[in-house]
Engineer: 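Okay, here's the structure, questions in a sec.
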Amino acid sequence: MTERPASGSLQVPGRLRAPQPGWTAQADVIVVGSGIAGLTTALRLRQRVDRVLLVTKTVLSEGSTLWAQGGIAAALDPADSPEEHLHDTLVAGVGICDVEAVRALVTEGPRRVRELVALGAEFDTDEDGEIKLTREGGHHRDRIAHAGGDATGREISRALIAALHRVQDDPGIEVVEHALVVDLLLDATGRTCGVTLHVIGEGQRDGVGAARARAVVLATGGLGQVYAATTNPSVATGDGLAAALRAGAEVSDVEFVQFHPTVLWLGPASRGQQPLISEAVRGEGAFLVDRDGVRFMQGRHPLADLAPRDVVSRAIVERMRETGEDHVYLDARHLGREFLEKRFPSIVERCRELGLDPAVDLLPVAPAQHYASGGVRTDLRGRTSVEGLYACGEVSCTGVHGANRLASNSLLEGLVFANRIADDIAERLAADELPPVPPGQAGRPPGARALLAEAARTRVQAAMTAGAGAVRTAESLAATAADLAALAVRSLDDGAAEPGPQSWETTNLLHVGQLLTHLAASREETRGGHVRDDFRELDDAWRGNQRAVRGPAGLVTTTFHPVPEQDLT
Ligand SMILES: Cc1cc2nc3c(=O)[nH]c(=O)nc-3n(C[C@H](O)[C@H](O)[C@H](O)COP(=O)(O)OP(=O)(O)OC[C@H]3O[C@@H](n4cnc5c(N)ncnc54)[C@H](O)[C@@H]3O)c2cc1C
């Protein structure tokens with residue numbers, strides 16, 4: 001481990017400005033978020049722990065899980081093997097994955113997918129009733145299980161929520177919707193002992209309260225809304241990552257952001273969640289062309305249009321620069337109307353709503369933010385550096401993605417690590433390793449309080465998109481950092497900011513944006529989801545992970561952790 005002072009210094013406040021908690025609640029474990037990670041953790045914990053409290057920002061189904069199209073990767077085909085899945089994952093991660101974490105993912109993955117089937121998830125099957133498998137970018141085997149053609153996330157979410165409803169009368173589990181976690185509660189030793197949360201409810205539990213527990217699992221998903229255009233839904237505001245950072249948890253690899261190459265381009269003014277054209281469409285034979293109909297991925301990578309996403313995104317950005325256009329095109333016309341409607345019903349329907357017919361029209365596409373490869377750093381059991389705090393799913397950094405996530409590995413990560421986390425917590429509670437904290441000793445992290453008015457959200461997004469997006473330079477990152485720093489100063493004394501969900505989310509976007517920009521500025525190379533126009537090559541000196549942690553006085557310290565060379569041939 002080496003200390004590398006990141007460019008400039010970053011100061012992050014200890015908590016968000018919020019009213020004093022007006023009510024309290026208690027559980028053994030609090031799970032925050034109801035995507036694949038949170039639902040799986042809660043369902044498994046409930047079998048083994050007395051009181052589980054699942055809280056979620058809006059309704060149970062909202063989150064990226066619902067939107068996942070392509071599928072879930074697992075070596076289910078007898079001709080495939082976890083070892084091959086491991087190799088493809090390491091290659092996509094460009095040399096800085098945690099091999100043991102990937103091994104856990106790929107070896108436990110097939111079993112966890114079968115358990116999901118046993119729970120009620122209906123994957124697409126062939127005439128013999130076997131799960132149909134397709135291929136996506138970066139995979140050398142057909143190993144993507146899908147449901148409803150291109151509605152995999154919807155089916156997984158449906159099955160998990162149905163399973164939750166089957167046990168919801170059980171006193172061992174409580175579910176609270178419209179409950180936004182604001183910050184973590186810590187005891188005097190720095191251990192996590194609960195959360196502060198804002199509930200839009202009725203009766204006693206309304207407004208800001210404090211929920212105490214022996215362990216907290218953050219499963220709050222991604223951070224896509226930090227950019228102007230993303231495939232992520234509106235709840236993906238990086239709340240869990242920001243809260244963990246403020247509470248002093250170690251975060252890692254946050255500079256690695258996956259930009260999905262084929263997001264429908266709806267014009268220069270479109271903002272927020274944009275429609276994704278799944279990689280599986282290219283898996284089935286669609287290809288990219290520029291405005292002159294030239295196939296520019298051929299000869300650029302052995303996998304051509306199915307090269308890893310960073311390679312395809314970069315190629316698109318470069319071709320857009322060369323042609324002066326702000327998009328390229330995806331050609332799926334030769335796949336035929338019948339096939340497209342059967343295999344990709346949701347995509348075809350969405351395109352038609354927007355006046356495009358994939359069987360007839362070239363589809364305008366451009367890269368947009370899609371996935372956060374880094375997050376709150378965990379070990380193989382999902383434990384973070386803060387005692388009692390766990391992170392699962394997209395908010396976490398288990399090490400399985402390295403510099404870039406392999407397509408369809410993220411649903412799998414949520415599934416595999418949720419089980420690991422639930423087992424670890426259950427064992428520790430049984431061994432009395434995580435004793436309850438008395439009410440008077442649960443406090444909020446020390447340091448300044450911040451709040452930024454909702455009106456600043458578009459400025460954060462514009463700054464991030466302009467300077468810390470798909471292609472970055474020292475200059476662009478410095479401009480973004482300066483813009484965000486001015487907002488950070490304002491957030492410490494923003495008279496216009498009223499505490500509430502919008503301003504808390506906006507402040508979380510600011511903190512996540514500052515962290516991401518800070519780490520991206522230090523990494524002077526191009527690797528995976530971190531593309532620098534001023535350092536265009538891989539640099540072996542950077543083969544490792546950047547970790548950041550906020551100290552008690554608010555200063556964020558960055559350390560660099562080299563990774564031994566991996567065989568990526
Ligand atoms: C369009 C799209 C397509 C994708 N396709 C695929 C695919 O084919 N295969 C694949 O593997 N991956 C895919 N992904 C990525 C994958 O869907 C996500 O990484 C994964 O679903 C994340 O699951 P999660 O449980 O961690 O988070 P989410 O499913 O995003 O759930 C997060 C939950 O946390 C809640 N939450 C957030 N903040 C708070 C807060 N402050 N308080 C309380 N609750 C909070 C949210 O409301 C939500 O319930 C896709 C993503 C998108 C957006």
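All residue numbers refer to positions in the sequence shown, counting from 1. Order of appearance sets the numbers: ligands from 1, and atoms from 1 within every ligand.
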Engineer: If every non-hydrogen atom of Ile173 is compared with every non-hydrogen atom of Val167, which pair is closest and at what distance?
Structural biologist: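 Scanning both residues, the minimum pair turns out to be CG2-O, 3.5 Å.
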Engineer: Looking at residues at least two apart in the chain, or sitting in another chain, which of them share a side chain to side chain contact (heavy atoms under 4.5 Å, CB included) with His327?
Structural biologist: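 With neighbours one apart ignored, the set is Trp265, Glu325, Tyr329, Pro364, Ala366.
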Engineer: Under a 4.0 Å threshold between the charged nitrogen and the carboxylate oxygen, would Arg352 count as salt-bridged to Glu349?
Structural biologist: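 So Glu349 does not pair with Arg352 through a salt bridge.
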Engineer: Answer yes or no: is there a donor N or O on one side and an acceptor on the other, between the side chain of Thr65 and the main chain of Gly153, under 3.5 Å?
Structural biologist: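 Flag not set: sc Thr65 to bb Gly153 has no pair under 3.5 Å.
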Engineer: Say you draw a straight line from CZ of Arg246 to CZ of Arg15; how long is it, rounded to the nearest 0.5 Å?
Structural biologist: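 Here the rounded value is 11.0 Å.
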Engineer: Only one of Thr134, Asp77, Asp88 passes side-chain hydrogen bond (donor to acceptor under 3.5 Å, both in side chains) with Arg143; say which it is.
Structural biologist: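 The option that passes is Asp88.
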Engineer: Considering only heavy atoms, which protein residues lie less than 4.0 Å from any atom of ligand 1?
Structural biologist: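 Only Val32, Gly33, Ser34, Gly35, Ile36, Ala37, Thr56, Lys57, Glu62, Gly63, Ser64, Thr65, Trp67, Ala68, Gln69, Gly70, Gly71, Ala179, Leu180, Val181, Ala219, Thr220, Gly221, Thr231, Asn232, Val235, Asp239, Leu276, His370, Tyr371, Gly393, Glu394, Arg405, Ser408, Asn409, Ser410, Leu411 have heavy atoms that fall under 4.0 Å of ligand 1, ordered by chain and number.
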